[in-house]
There are 2 protein chains.
Amino acid sequence: MVIERATYKDHVIKYIYNGMQENRYKAGDKILESHLAKELGISRAPIREALADLVRSGLLEYRPQVGNFVAILTPQEIIDSYVARGVLEGFAVAQGINNFDGDDLQRLEDMARKMEDYAQKGKRKALIDIGQKFHEELFSHCTNSQVVLFTEQLSLKLHLLFYKHWARVYAPEEIRDRHLEIIDVIRKGDSVKVEMMIRNHYIDTGHKVVEQERKT
Amino acid sequence: MVIERATYKDHVIKYIYNGMQENRYKAGDKILESHLAKELGISRAPIREALADLVRSGLLEYRPQVGNFVAILTPQEIIDSYVARGVLEGFAVAQGINNFDGDDLQRLEDMARKMEDYAQKGKRKALIDIGQKFHEELFSHCTNSQVVLFTEQLSLKLHLLFYKHWARVYAPEEIRDRHLEIIDVIRKGDSVKVEMMIRNHYIDTGHKVVEQERKT
DNA sequence: TAAATGTATAATGTCGACATTATGCCAGCG
DNA sequence: CGCTGGCATAATGTCGACATTATACATTTA
């Protein structure tokens, strides 16, 4: 594979990330700098920077003087990540709950129904894409840059699990209802309740994803 | 300055961090890789890794093809950071509230009183150290690794502001009382109240720190 | 005089090579 | 037969140099 141009680091990150999505890199695998360098036809310097970035994202683990390994997510870590996501998103929505107008709510509702549709038709990629858009919309009214930042960091990690399991975790109607439920509470402007609800949603999801992982 | 041994990156991070604490690196300053390399007598490779880490922590900002700059914290970012910290610590304590035993509470109380003492005597460094220990103790019963991780990331950033202003933000008795208040609620096992209280504490502190910054 | 353009400088991005260290294998010994 | 220790291999950590790009300054032109 030949890369075109524009700071190699980002290309390398994407390359590895895709590899993880396609399961060419499996949990626990060692990542060899020199192999990547040969594969991509570049030197080790930008490779190392990319690896360091992925370590910071939690997708790789780094052992000094030894190397980088694809992170092994324990069930507990998976649950912790979902719980943390719930805490952040719960706060984000609660904090900006009064900034949702009718249009926003309508858009969210449309998305929830589309999700049901895609889920029923087995369009996994479309389902995941719109699921992400839904949560982006939820975050769009959160003005706390730090909370948004942390959530983005988490997303990178969770999206991999998401990608593997999420479409199978809930039944189509369940997906729709769970999201509609949240929209309703936002409409009512109940910030306390929406925060609890989102937290619980992610706690449930975390446990179900762990269940799915166990079956692997 | 000559560094001894053991992966240079960490030394460089500490070196820059100290420089920021001592205000030798000021907000907006450009960090030149080659200068650091000369100063520390090492090559640019480990320097670059350290800089990338500091970017990740939010202490530096990075502009591609241009360089790294000491981050300029806007008032809003400062407040956001404190709010985020409050959300995380509030959750952490609430989540592990039942794991505090009598000894823990006693230790916390001792620390709160020591803080008052140090504050009165103007021992700023001791005050800050014990303040950090207090919050570490609060986090010690949180089992969510992800929440702990985010908090550590934030700490690096907030500690700099802490270091500059925190000792002046509250009166000695106020410091004591604010912390005792939290301990009381933990003792009662009221997870909802303690979460709210900690959040509010950080909201207050954030605003006061911004006030202090403005006076700079 | 002010704006635009070209040029010089110096920084970052990338490279290939060397130094150092972890790991697996094999021989020697108890 | 199992264990210990050294050796070979191959990876990471670090280096110095070159290529590329951003920035400041000088020069030209309207």
Side-chain angles (χ1 to χ4, degrees), chain A residues 1-20 24-72 156, chain B residues 1-20 24-72 156:
Chain A
M1 174 179 178
V2 180
I3 332 187
E4 334 175 31
R5 197 88 193 90
T7 191
Y8 293 160
K9 187 183 73 172
D10 306 306
H11 289 276
V12 178
I13 291 178
K14 219 167 187 177
Y15 181 78
I16 298 176
Y17 191 82
N18 287 339
M20 294 175 76
R24 286 188 293 106
Y25 295 115
K26 293 168 192 167
D29 281 3
K30 190 173 185 193
I31 308 268
L32 295 189
E33 296 175 359
S34 35
H35 283 194
L36 276 171
K38 256 190 191 170
E39 267 179 69
L40 302 178
I42 59 180
S43 84
R44 278 174 51 219
I47 306 274
R48 283 175 65 82
E49 295 190 4
L51 293 178
D53 261 27
L54 289 167
V55 168
R56 290 181 205 108
S57 308
L59 268 57
L60 298 183
E61 274 172 34
Y62 167 71
R63 289 164 49 196
Q65 323 283 28
V66 178
N68 295 280
F69 300 81
V70 178
I72 299 176
L156 213 64
Chain B
M1 173 178 179
V2 180
I3 327 189
E4 335 174 29
R5 197 86 196 88
T7 189
Y8 293 158
K9 187 183 74 171
D10 306 307
H11 289 274
V12 178
I13 291 178
K14 217 167 189 178
Y15 181 79
I16 298 176
Y17 190 81
N18 287 339
M20 293 174 78
R24 286 188 293 109
Y25 295 114
K26 292 168 194 168
D29 282 1
K30 188 173 186 193
I31 308 269
L32 294 189
E33 296 174 358
S34 35
H35 283 194
L36 277 170
K38 255 190 190 170
E39 268 179 69
L40 302 178
I42 59 181
S43 85
R44 279 173 50 219
I47 306 272
R48 283 175 67 83
E49 295 188 8
L51 293 178
D53 263 23
L54 288 167
V55 169
R56 193 28 119 104
S57 308
L59 268 59
L60 299 183
E61 273 172 37
Y62 167 71
R63 289 165 50 196
Q65 323 282 24
V66 178
N68 295 279
F69 301 80
V70 179
I72 300 174
L156 214 64

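Labels below follow one simple rule: chain letters A, B, ... track the order of the sequence lines, proteins then strands, and each chain is numbered from 1.
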Visitor: Tell me the closest heavy-atom pair linking B/R44 and B/A37, and the distance in Å.
Guide: CG-CB, 4.0 Å
Visitor: Please report, rounded to the nearest Å, how far the P atom of D/dT12 is from the CG atom of A/L36.
Guide: 10 Å
Visitor: Where the side chain of A/Y8 is concerned, which of D/dC15, D/dT12, C/dT14 is the nearest nucleotide?
Guide: C/dT14
Visitor: Whole-Å distance between C/dG13 C1' and A/L40 CG?
Guide: 16 Å
Visitor: In whole Å, I'd like the distance from the CD atom of A/E33 to the C1' atom of C/dC15.
Guide: 14 Å
Visitor: Starting from P on D/dT12, measure out to NZ on B/K9 and report it in whole angstrom.
Guide: 14 Å
Visitor: Please state how far atom OH in B/Y62 lies from atom P in C/dA11, giving the value in whole angstrom units.
Guide: 16 Å
Visitor: Test side-chain contact (heavy atoms from CB on, under 4.5 Å) on B/H11 and B/L40 and set out the steps.
Guide: CA-CA 10 Å; B/H11 289 274; B/L40 302 178; over 6 Å; no
Visitor: Taking side chain to side chain contact (heavy atoms under 4.5 Å, CB included) as the test, write out the residues that go with A/Y25, two or more places apart.
Guide: A/Y15, A/I16, A/M20, A/I31, A/L36, A/V70
Visitor: For the backbone of B/A45 and the side chain of B/Y8, can you confirm whether one donor and one acceptor N or O come within less than 3.5 Å of each other?
Guide: no
Visitor: To the nearest Å, how far apart are B/K30 NZ and C/dA10 P?
Guide: 12 Å
Visitor: Roughly how far apart are A/I13 CD1 and A/I47 CD1, rounded to 0.5 Å?
Guide: 11.0 Å
Visitor: Would you check if B/Y17 and B/L156 make a side-chain contact, meaning some heavy-atom pair closer than 4.5 Å?
Guide: yes
Visitor: I need the residues from residues 43-53 of chain A with at least one non-hydrogen atom less than 4.0 Å from DNA chain D; give them sorted by number, or say none.
Guide: A/R44, A/R48
Visitor: Measuring only between side-chain heavy atoms, which start at C-beta, is A/S57 closer than 4.5 Å to B/R56?
Guide: yes
Visitor: For A/L32 and D/dG13, what is the distance between atoms CG and P respectively, to the nearest whole Å?
Guide: 12 Å
Visitor: Calculate the interatomic distance between B/Q65 atom CD and C/dT14 atom C1'; express it in whole Å.
Guide: 11 Å
Visitor: For B/V12 and B/I42: C-alpha separation, side-chain torsions, deciding distance, then whether side-chain contact (heavy atoms from CB on, under 4.5 Å) applies.
Guide: CA-CA 10 Å; B/V12 178; B/I42 59 181; 3.9 Å; yes
Visitor: As an exercise, state the distance from CG of A/N68 to CG of A/L54, rounded to the nearest 0.5 Å.
Guide: 8.5 Å
Visitor: To the nearest 10°, let me know how far the axis at one end of the helix from C/dT1-D/dA30 to C/dG30-D/dC1 is tilted from the axis at the other, five pairs an end.
Guide: 10°
